[in-house]
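Notes for the one structure printed next.
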Amino acid sequence: MPSQEEIRLAEERAIPALDAWMAAFNALDLEAWKATMQYPHYRLASGRMHVWESADMDDAYIERVRTNLANIGWHHSVWTRREIVHCSDDKIHVDTQFTRYRADGSVIAVHDSLYVLTREHHRWGVKLRSSYAR
């Protein structure tokens, strides 16, 4: 278990990176979203591992994301839990939960997930996401 001081330092690193990730996701701003990730980038969801070797995600990818979110009535997502569970000087595991909302504020879904952030090329970013979201 990390010490309180290790957790405090990890939070100073991880929380701004996670906030940037969520802001870019909510804006559906592909360039900003890609800038919050490390590559290769991994997402494990729906029984599949998706791997992005580089930031070469194309417009078709973000259009699929937009369409999928529109189909469920999504308006925005919010972190509802971010707890550091493991950390080192260059890697942080964060137990997260996020909630997806409609424009009227009603909840679509709540998803538990694990985010792994790494420090690479002098910056913190999301390296791996494992969630139960579709």
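Residue numbers start at 1 and run along the sequence shown.
Of all heavy-atom pairs spanning Thr118 and Gln38, the tightest one is O-NE2, 2.9 Å. For the pair Val107 and Thr99, the tightest heavy-atom approach, listed with the atom from each and the gap, is CG1-CG2, 3.7 Å. Taking every heavy atom of both residues into account, Arg43 and Ser131 meet most closely at NH2-OG, 4.1 Å. The two atoms that bring Arg123 and Met37 nearest to each other are NH2-O, 2.5 Å, heavy atoms only. Across all non-hydrogen atoms, the minimal contact from Ile84 to Ala10 is CG2-CB, 3.9 Å. Nearest approach of Ile92 to Ala14, heavy atoms of both residues: CD1-CB, 3.9 Å.
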Next item on the list: Report the C-alpha separation of Tyr42 and Arg129 in whole Å, then their side-chain angles, then the decisive distance to 0.1 Å, and conclude whether the side chain to side chain contact (heavy atoms under 4.5 Å, CB included) test is met.
Entry: CA-CA 6 Å; Tyr42 305 90; Arg129 304 174 277 148; over 6 Å; no
Checklist line | Criterion side chain to side chain contact (heavy atoms under 4.5 Å, CB included) on His93 and Asp95, from CA distance to verdict | finding: CA-CA 7 Å; His93 294 180; Asp95 174 24; over 6 Å; no
Check: Between Phe98 and His111, does a ring-ring contact (aromatic ring centres under 6.0 Å, His included) hold up when you go through it step by step?
Finding: CA-CA 5 Å; Phe98 61 91; His111 297 287; 5.3 Å; yes
Check: Where do Ile62 and Trp33 land on the side chain to side chain contact (heavy atoms under 4.5 Å, CB included) test, with the steps shown first?
Finding: CA-CA 10 Å; Ile62 199 68; Trp33 198 29; 4.0 Å; yes
Next item on the list: Step by step, work out the salt bridge (charged side-chain N to carboxylate O under 4.0 Å, His left out) result for Glu120 and Lys127.
Entry: CA-CA 10 Å; Glu120 300 174 29; Lys127 182 74 169 189; 3.4 Å; yes
Margin query: Determine whether His75 and Asp104 satisfy the following criterion, side chain to side chain contact (heavy atoms under 4.5 Å, CB included), listing intermediate values before the conclusion.
Written below: CA-CA 9 Å; His75 181 264; Asp104 66 5; over 6 Å; no
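Between the CG atom in Asp19 and the CD1 atom in Ile15 there is a gap of 6.5 Å [rounded to 0.5 Å]. In this structure, the separation between CH2 on Trp124 and CD on Glu12 is 11.5 Å, given to the nearest 0.5 Å.
Side chain of His41 to main chain of Ser54: no donor-acceptor pair is present (N/O by atom type, distance under 3.5 Å, no hydrogens or angles). For Ser130 (side chain) and Leu114 (main-chain N/O), no donor-acceptor pair under 3.5 Å exists by modelled atom type. A distance-only check finds a donor-acceptor pair linking the side chain of Thr67 to the backbone of Glu63 [under 3.5 Å]. Here the side chain of Thr96 pairs no donor or acceptor atom with the backbone of Arg82 at under 3.5 angstrom. When atom types are taken as modelled, the side chain of Glu6 and the backbone of Ser3 share a donor-acceptor pair closer than 3.5 angstrom.
Using a 4.5 Å heavy-atom threshold, the side chains of Val51 and Glu53 count as touching. The shortest side-chain heavy-atom distance between Lys91 and Leu117 does not fall under the 4.5 Å cut-off.
Not counting sequence neighbours, His76 has no partner by the side chain to side chain donor-acceptor pair (under 3.5 Å) test.
When the shell of 6.0 Å around NE2 of His86 is examined, it contains 12 or fewer heavy atoms from other residues, nucleotides or ligands.
The same ILVMFWY cluster, assembled from side-chain heavy atoms under 4.5 Å apart, contains both Trp52 and Val65. Neither Ile7 nor Val85 shares a network with the other; the hydrophobic side chains, linked directly or stepwise wherever heavy atoms of I, L, V, M, F, W or Y lie under 4.5 Å apart, form separate groups for each. Note on Leu44 and Tyr39: separate hydrophobic clusters, where clusters join Ile, Leu, Val, Met, Phe, Trp and Tyr whose side-chain heavy atoms are under 4.5 Å apart, directly or indirectly. Put simply, Val94 and Trp79 are part of the same group of oily side chains (I, L, V, M, F, W, Y) that touch within less than 4.5 Å, one to the next.
Under 4.0 Å is where a charged nitrogen must lie from a carboxylate oxygen, and between Arg119 and Asp89 no such pair does.
Below 30°, between 30° and 60°, or above 60°: for Trp21 and Tyr115 the angle between ring planes is above 60°, a perpendicular geometry.
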Mind listing the side-chain donor-acceptor pairs of residues 22-31 below 3.5 Å, one per line with the distance, residues two or more places apart or on another chain?
unit_1 : atom_1 : unit_2 : atom_2 : d
Asn26  : OD1    : Ser77  : N      : 2.8
Asn26  : ND2    : Met22  : O      : 3.4
Asn26  : ND2    : Ser77  : O      : 2.9
Asp29  : OD1    : Glu31  : N      : 3.2
Asp29  : OD1    : Ala32  : N      : 3.0
Glu31  : OE2    : Lys34  : NZ     : 3.0

